[in-house]
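Contents: one structure, followed by commentary.
Here is the naming used below: chain letters follow the sequence lines, and residue numbers restart at 1 for every chain.
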Amino acid sequence: MDEPQIYAGLAKTFDDVFDDDSIQVTPELSAKDVDGWDSLTHIRLMLSVEKAFKVKFTTSEIGSLKNVGDLVALIKQRC
Amino acid sequence: MNPLFAELQWLPRVPQEFSSRLRALPNSDGPLGNELQSLASSALDLNQLTKLSKVIDKARVNGKSLDPLAPFRLAILSNSTIDLILPALVASAARHGIALDVIQPSYDQVAQEALTPDSKVNSSKPDAVLFALDYRALPLKLCLGDAQASDAVVNGVIGYLQALREGIKANSNALCIFQSFAPPVETLFGSLDRALPGTLRSLIERINCELAEMVLGSGDVLLDVAGLAETVGLSDWHDPQLWNMAKCPFSDQLIPLYADHVARIVAAIRGKSRKVLILDLDNTVWGGVIGDDGLEGIQIAQGDARGEAYLAVQRLALDLRQRGVVLAVCSKNTDEVARRPFEDHPEMLLKLDHIAVFQANWSDKATNIQAIAEELSLGLDAMVFLDDNPAERGLVRTLLPQVAVPELPDEPAFYARTLAAGGYFESVAFASEDLARAGFYQDNAKRANLQKQVGGVEAYLASLDMTITFQPFDATGRARIVQLVNKSNQYNLTTRRYTDPEVAEAEADPAVFTLQVRLADIFGDNGMISVVICRPAEPGVWEIDSWLMSCRVLGRKVEHMVLREILEHARAEGISKLTGVYRPTDRNKLVVDHYAKLGFTKVDEEESGLTRWELFVAGTDPESAPMRIASRGFVGTKENLPA
């Protein structure tokens with residue numbers, strides 16, 4: 001799967017999780033930029049990404065993510 | 001993970017317009033309850049449930065009425081993080097007719113909240129308190145092989161739960177809902193864990209038994225989480241990674257299932273469980289079509305793989321009746337034909353005595369279900385309707401949204417399981433009166449009369465997005481044509497049977513006009529559903545030799561569209577008159593008025609009941625129905641394909 005496809009998939013997942021289709025999913029995007037991106041929503045986001053891309057992340061992978069760019073790189077490794 | 005449970009497959013799939021309807025909701029006037037319940041009634045996933053609950057919370061904050069949802073205040077005491085679960089509970093409760101208000105104290109303050117008189121939970125005066133505890137909340141000390149010590153552990157746990165209960169009873173007098181405990185997957189010895197006292201598995205099993213007894217004796221309520229976890233599988237239920245990361249007590253993928261189960265219990269406490277199971281007959285209660293296949297042809301026998309699937313449906317219905325659920329029948333059939341298996345088929349478990357209201361006729365099912373509700377003096381929201389046909393399910397859902405209509409899989413072996421999985425008849429207590437209830441309704445029920453038609457059938461037909469395809473007979477369709485000609489009994493005007501060579505002969509004869517008709521709709525392709533053969537009689541006249549149709553598409557005005565097509569070709573061929581005959585058999589009473597309804601004039605009636613009809617082609621314009629028309633393969637006419 002190439003990066004544009006991953007970003008397109010993530011945009012849909014972000015909309016599902018945050019109920020906000022105005023979020024621009026960029027590599028730099030992180031929790032501080034999005035209203036309602038707290039620790040619990042973060043879990044729901046990770047679970048939703050796993051489901052949407054049919055992948056499983058390890059606890060340390062999830063812990064090491066700093067922004068969307070890291071997440072995309074992780075997904076790219078798997079699909 | 002088994003999708004029946006993980007994806008709530010008894011519920012219809014989420015409609016495409018879910019998000020737009022959700023966004024429109026805050027702007028609508030009047031109480032929001034009906035629309036909220038409708039939005040909640042498909043198989044929503046965790047994100048969709050969360051979105052819906054936000055809309056409900058916002059409506060509540062803005063002081064909007066949630067009527068007719070019944071308000072219920074539920075306090076939840078838990079040793080785990082239930083924040084992911086709470087929104088799902090609120091949205092799932094709307095599915096069951098409940099406006100749920102959740103009180104959630106701080107994390108892991110179970111004992112403090114229960115035992116302190118002015119705690120958040122006790123001072124909020126909840127209707128019920130749910131102890132959403134899992135095994136990790138319990139003081140479970142391993143005492144391998146030590147029966148005495150393990151007794152002490154079990155007694156200690158039950159004593160703790162009883163103390164929580166007494167705290168709530170004394171301080172807020174709320175109803176207590178306890179959960180049984182799902183044991184962990186990991187064993188110590190292996191199989192021995194169940195037998196040996198003091199292992200985690202045997203301790204938890206004993207605690208569940210004692211808890212069930214405690215609840216049954218006290219008037220409290222049990223939510224059988226252990227049973228739910230066993231049903232989906234413990235290894236799918238427990239997700240250690242999610243527990244470590246978020247202290248979420250079970251897999252996120254099962255949150256919609258758990259939430260629906262909590263909502264069922266709450267609805268049952270509020271008296272909102274359903275009371276009546278309405279059964280379709282053909283291909284739901286037996287395999288095959290009684291009107292076509294006859295008593296010998298339907299599949300219901302033990303030892304027949306398909307027959308046993310339908311027997312399982314009957315057995316479940318009968319068991320439900322024993323616990324007080326009322327049974328009714330709603331079938332498109334001639335009444336006496338539909339009753340015959342109940343009276344005369346030796347393998348039938350269901351007998352006419354078990355059915356409180358028996359509605360077999362040719363009216364639409366929404367009208368019949370309404371008649372059943374009136375006959376029983378029960379609301380539509382007490383009804384569950386089981387039918388294998390997706391179009392009938394769709395019609396009832398559209399016209400009578402209060403009726404629960406489970407989706408069914410293609411394989412009838414899973415019908416009974418799917419019906420049971422829907423939990424429509426959830427009950428929190430069982431009284432001896434329940435045993436007599438089904439009989440009570442039955443004594444009062446007479447056969448309901450159908451008078452008024454439910455409005456909106458036309459609109460529903462339009463929403464089916466039907467395409468009807470007309471073709472002359474051809475080699476590709478011949479096998480199915482022969483099958484229909486020889487199998488159709490009910491919607492068959494003359495019941496003339498033809499062999500394959502005879503059909504081929506009609507196909508090749510340019511003087512004979514033939515039609516094979518297919519119908520597709522939003523639920524899929526129904527395949528070939530009607531066959532017509534017109535033969536030249538005197539000059540300028542076509543005699544309708546055969547006209548038959550599958551009962552699956554009754555009530556769609558297919559016959560009107562077929563007549564329009566015949567007329568069009570008749571005109572092109574210079575035909576001025578159609579003649580038709582109705583030859584009565586013991587199976588085709590359904591079509592006794594077929595020609596009258598289509599505007600033909602009766603010209604003769606014989607003593608046998610045989611009637612002859614005619615229709616002049618010029619100036620005749622039969623009623624049309626909302627469907628696209630594709631007409632192809634006819635010599636000398638141009639192709640007519642839908643845009």
- Note on the structure: Looking only at B/Asp45, B/Asp83, B/Asp252, the option with the highest number of non-hydrogen pairs under 4.5 Å against chain A is B/Asp252

- Spacing of A/Asp21 atom CG and B/Arg23 atom CZ [to the nearest 0.5 Å]: 6.5 Å

- Item | Between NZ on residue B/Lys51 and CG on residue A/Asp15, distance to nearest 0.5 Å | 5.0 Å

- Message: For B/Asp410, is the CG atom crowded, meaning more than 12 foreign heavy atoms sit under 6.0 Å from it?
- Response: no

- What distance separates A/Asp16 CG from B/Ser19 OG, expressed to the nearest 0.5 Å? 7.5 Å

- Query: What pair of heavy atoms forms the shortest contact from A/Thr58 to B/Gln241, and how long is it?
  - Reply: C-NE2, 3.5 Å

- Message: Please determine whether the number of non-hydrogen atoms from other residues, nucleotides or ligands lying under 6.0 Å from atom NZ of A/Lys51 exceeds 12.
- Response: no

- Query: CZ of B/Arg60: more than 12 outside heavy atoms within 6.0 angstrom?
  - Reply: yes

- Query: For atom CD of B/Glu17, is the number of surrounding heavy atoms from other residues, nucleotides or ligands below 6.0 Å larger than 12?
  - Reply: yes

- Message: Under a 4.5 Å cutoff for heavy-atom pairs, which residue among B/Leu84, B/Leu22, B/Asn47, B/Thr50 has the most contacts with chain A?
- Response: B/Asn47

- If you draw a 6.0 Å radius around NZ in A/Lys56, do more than 12 non-hydrogen atoms from other residues or ligands fall strictly inside? yes

- Message: Just by distance, no angles: are the side chains of B/Asn244 and A/Thr59 close enough, under 3.5 Å, to form a donor-acceptor pair?
- Response: no

- Under a 4.5 Å heavy-atom cut-off, does chain B meet the side chain of A/Leu40, its backbone, both or neither? both

- Close side-chain approach of B/Leu242 to A/Leu47, heavy-atom, < 4.5 Å: yes

- Item | More than 12 heavy atoms of other groups within 6.0 Å of B/Phe18 CZ | yes

- Just wondering, do B/Met245 and A/Met46 contact through their side chains at under 4.5 Å, heavy atoms? no

- Message: What part of B/Thr81 gets within 4.5 angstrom of chain A, counting heavy atoms only: side chain, backbone, both, or neither?
- Response: side chain

